[in-house]
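Before any comments, here is the structure.
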Number of protein chains: 2
Amino acid sequence: MAESGDLESSIIKTFRNSGYRATPQRIAISRYILSTHEHPTAQKVFSEVKKDHPTVSLATIYTTIKALKDMGMLQELNHPQSETRLDPNMEPHLHLICSRCERISDWMDPEMEDFIARVSDEADFVVTGLRFDLKGICKRCRDGGKGDRSLAAAGESSSAKDADYTAVKV
Amino acid sequence: MAESGDLESSIIKTFRNSGYRATPQRIAISRYILSTHEHPTAQKVFSEVKKDHPTVSLATIYTTIKALKDMGMLQELNHPQSETRLDPNMEPHLHLICSRCERISDWMDPEMEDFIARVSDEADFVVTGLRFDLKGICKRCRDGGKGDRSLAAAGESSSAKDADYTAVKV
DNA sequence: CTGCATGCAAAGAGTTTGCATAGCC
DNA sequence: GGCTATGCAAACTCTTTGCATGCAG
């Protein structure tokens with residue numbers, strides 16, 4: 001991609017401005033996480049980065065993730081019975097999580113901030129952060145039949161995971 | 001409490017209707033989880049139930065939680081860098097999570113369903129479950145100063161955990 | 001009585017940490 | 001060159017599983 005150089009130099013600047021050293025491993029890890037939209041797991045980052053840096057270790061992945069979180073570049077998404085996934089989108093948004101293909105899509109909604117502001121006001125609760133996930137079936141999986149399970153945990157039924165979200169009558 | 005007998009017999013019925021045996025341990029575990037509003041961890045359930053059933057094991061806590069989830073009585077709430085917490089409220093609602101005292105309060109909002117229905121429609125995504133958390137500072141902690149950290153992880157700064165929620169400008 | 005549930009301990013998964021070496025600044 | 005970051009492996013935390021015994025139905 002044409003702008004990979006731009007991304008890379010901005011990553012280097014960000015690390016140095018925060019007092020971190022910009023090592024090749026950190027740059028590669030950050031470049032992958034910040035440019036993908038697939039909300040990867042730490043293991044996924046590990047296997048992707050290993051293609052270019054075969055000696056990289058999982059410990060370095062986790063340390064770099066922690067640094068990126070510390071610098072406000074990244075947040076983590078936890079779900080019951082599944083690994084933590086990473087999200088470089090720091091704007092208020094919600095997640096559409098497909099039970100079938102395990103894909104996580106971001107959805108920006110203009111009304112969300114108003115909604116939150118009203119709840120914050122009514123509940124007398126000063127909101128500093130949010131996390132909004134909708135679980136369900138994406139259009140692609142409804143159209144395409146079985147869907148792409150490449151990101152799904154092998155052999156695990158997705159309906160079991162649905163039990164961890166408040167049911168919504170459809 | 002006066003209705004503990006009612007809760008107990010309804011727990012027994014629920015287990016038997018689903019083909020589970022209603023053992024004293026399961027009844028005690030379920031009674032505690034279903035009647036508390038503090039969204040306990042498995043460890044908290046363990047220590048509470050041990051008061052009446054000193055020989056109960058953590059494995060039984062976890063298998064009972066799994067049974068309750070299976071019966072649709074319970075969901076789990078995961079947050080980065082903290083243990084899974086339990087929520088017996090199965091109605092669509094959102095969570096107000098205080099960074100200071102670690103308390104989790106439920107908030108029912110009449111507009112939430114409309115909001116979700118609209119997103120579902122616009123995104124062409126069939127919603128089956130939801131998870132909506134707001135992180136911030138509760139009124140009690142703002143009024144009372146330091147707040148009650150009895151549920152907070154010892155020695156851990158709560159600001160670190162805030163990094164895992166999309167920042168909201170206040 | 002029959003078979004599921006319990007309690008114990010050990011295994012598992014994901015993540016973190018300790019330490020000697022490597023390499024950024 | 002000083003000092004942080006790396007890579008390896010071992011430790012850690014939370015959760016799950018295997019198995020012999022116990023007890024609900």
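Letters go in sequence order (proteins before strands), and every chain restarts at 1.
In this structure, the nucleotide among C/dA5, D/dT15, D/dC8 sitting nearest to the side chain of A/Ala59 is D/dC8. When distances run from any side-chain atom of A/Arg26 to the nucleotides D/dT6, D/dG7, C/dT17, the shortest one goes to D/dT6.
Atom-to-atom, NE2 of A/His79 to P of C/dG14 comes out at 16 Å; the value is rounded to the nearest Å. Atom CG in B/Leu58 sits roughly 18 Å away from atom P in C/dA5 (whole-Å rounding). Spacing between atom CG of B/Asn78 and atom P of C/dT15 amounts to 11 Å, rounded to whole angstrom units. Remark: C1' of C/dC25 and CZ of A/Phe15 are 15 Å apart, rounded to the nearest angstrom. As rounded to whole Å, 18 Å separates atom P of C/dG12 from atom OH of B/Tyr62. Taking atom CD1 of B/Ile61 as the reference point, atom P of C/dT6 lies 10 Å away to the nearest angstrom. Rounded to an integer number of Å, the gap from CD of A/Gln25 to P of D/dG7 is 4 Å. For A/Gln81 and C/dG14, the CD to C1' distance is 13 Å, given to the nearest whole Å.
Here A/Thr55 reaches the OP1 or OP2 of D/dG7: one of its side-chain N or O atoms lies under 4.0 Å away. In terms of phosphate contacts, A/Arg21 brings no side-chain nitrogen or oxygen within less than 4.0 Å of OP1 or OP2 of D/dC3. Under 4.0 angstrom from either OP1 or OP2 of D/dG7 there lies no side-chain N or O belonging to A/Lys50. One finds a side-chain N or O of B/Thr23 lying less than 4.0 angstrom from the OP1 or OP2 phosphate oxygen of C/dT6. Within the structure, a side-chain polar atom (N or O) of A/Thr60 is placed less than 4.0 Å from OP1 or OP2 of D/dG7. In this structure, A/Thr84 reaches the C/dT15 phosphate: one of its side-chain N or O atoms is under 4.0 Å from OP1 or OP2. Dashed line: the shortest gap from a side-chain N or O of B/Lys69 to OP1 or OP2 of D/dT15 is not under 4.0 Å.
Contact annotation for A/Pro24: backbone-only contact, meaning every heavy-atom pair under 4.0 Å involves sugar-phosphate atoms and none involves a base.
Under a 4.0 Å N-O distance rule, the pair A/Lys44/A/Glu83 does not qualify as a salt bridge. Salt-bridge check for B/Glu38 with B/Arg103: failed, with every basic side-chain N at 4.0 Å or more from each acidic carboxylate O.
Taking 4.5 Å as the limit, every side-chain heavy atom of B/Val49 sits out of range of all side-chain heavy atoms of B/Arg31.
Where A/Tyr20 and B/Gln43 meet DNA chain D, the nucleotide closest to each residue was compared, and A/Tyr20 sits on the side nearer the 5' end.
For the residue pair B/Asn78 / A/His79, no side-chain donor-acceptor distance below 3.5 Å is found, with atom types taken as modelled. Defined by atom type and a distance below 3.5 Å, a donor-acceptor pair is missing between the side-chain atoms of A/His37 and A/His39.
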